[in-house]
Amino acid sequence: MLAKLAATRSTCLAFPVGAVIVKNKQVVATGYNGSPSGSAHCTTQGYCYPGLSSCDASKTLPSRAVHAEANAIAQAAKYGISTEGASIYVTLEPCLSCLKLIISAGITEIFYETSFNSGDKAVVRDSFINEGLISIHQVILSEEIAKKAASFLLSSTSVKNFDIVRHS
């Protein structure tokens, strides 16, 4: 759920992605996809490149966005937080570039919501899994959990409410 909330901060016009790095049951960094720090946000200017509504509208121009996983790892690095042995939760299965970055950052587990890699990309991903470098798990959000989360978002969480069951 935290990764989904992080995705709401995305400044990418193609699709929002969020990431949360967790170590020892503590959130250590979050990230979302968008333009590099200091660069104009696509959502602010209304386009990725002049004449293109979004980065995925071009077959030749690369995306301007820094991926959510890379932003989360960069945030941890910027503040001197080790990601060795951590887990990362993402709303979209990491692309191969982010997967390699995640492995190099010492993150050992990935939990994702939506699949991304197929074909040859899945073969490369699976080779990293088979080498024991990373474990990857798809998480399907249940309707029950989604409804509980919505109730938190739609009402004040700073008042006593016995109708909401909290889970750790």
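Residue indices begin at 1 and follow the sequence shown. Every heavy atom of this structure was used, including side-chain atoms; hydrogens, water molecules and symmetry mates were not.
Note that the CD1 atom of Ile134 and the CG atom of Asp126 stand 13.0 Å from one another [nearest 0.5 Å]. Rounded to the nearest 0.5 Å, atoms CD (Glu93) and CD1 (Ile136) are 6.0 Å apart. Rounding to the nearest 0.5 angstrom, the gap separating the SG atom in Cys95 from the CG atom in Asn117 is 7.5 Å. Atom OG1 of Thr11 and atom CZ of Arg64 lie 8.5 Å apart (nearest 0.5 Å). Rounding to the nearest 0.5 Å gives a distance of 11.0 Å between CZ of Arg9 and CG of Asn71. Atom CZ in Phe15 sits 9.0 Å away from atom OG in Ser10 (nearest 0.5 Å).
A donor-acceptor pair under 3.5 Å is absent between the side-chain atoms of Thr91 and the main chain of Ala3, judged by distance alone. When atom types are taken as modelled, the side chain of Asn33 and the backbone of Val17 share a donor-acceptor pair closer than 3.5 angstrom. In terms of modelled atom types and a separation under 3.5 Å, the side chain of Ser104 and the main chain of Leu101 share no donor-acceptor contact.
When hydrophobic clusters are built by joining Ile, Leu, Val, Met, Phe, Trp and Tyr residues whose side-chain heavy atoms come closer than 4.5 Å, directly or via intermediates, Val139 is not grouped with Ile88. Note: the hydrophobic cluster containing Ile81 also contains Ile102 (ILVMFWY, side chain heavy atoms under 4.5 Å, direct or indirect links). Connection of Ile110 to Val123 is not established within any shared hydrophobic cluster, with ILVMFWY side chains joined at heavy-atom distances below 4.5 Å, either directly or through further cluster members. If you chain together hydrophobic residues whose side chains sit under 4.5 Å apart, Phe111 and Phe116 never meet in one group. Connection of Ile73 to Leu96 is established within a shared hydrophobic cluster, with ILVMFWY side chains joined at heavy-atom distances below 4.5 Å, either directly or through further cluster members.
No more than 12 heavy atoms of other residues, nucleotides or ligands sit less than 6.0 Å from atom CD of Glu143.
The two residues Thr83 and Ala76 have their closest heavy-atom pair at CG2-CB, 3.7 Å. Scanning both residues, Glu84 and Ser82, for their nearest heavy atoms gives N-OG, 3.2 Å. Nearest heavy-atom pair across His41 and Ser35 is CA-OG, 3.8 Å. Shortest non-hydrogen contact noted between Cys98 and Ala70 is SG-N, 4.4 Å. Of all heavy-atom pairs spanning Pro16 and Ala7, the tightest one is CB-O, 3.4 Å. Heavy atoms only, all atoms of each residue included: Ala86 and Ile21 are closest at CB-CG2, 3.7 Å.
Within the 4.5 Å cutoff, the side chain of Tyr89 has no heavy atoms near those of the Met1 side chain. At least one side-chain heavy atom of Leu141 sits under 4.5 Å from a side-chain heavy atom of Glu113.
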Go through Leu5 and Val20 one step at a time and tell me if the side-chain contact (heavy atoms from CB on, under 4.5 Å) criterion holds. CA-CA 10 Å; Leu5 287 174; Val20 177; over 6 Å; no
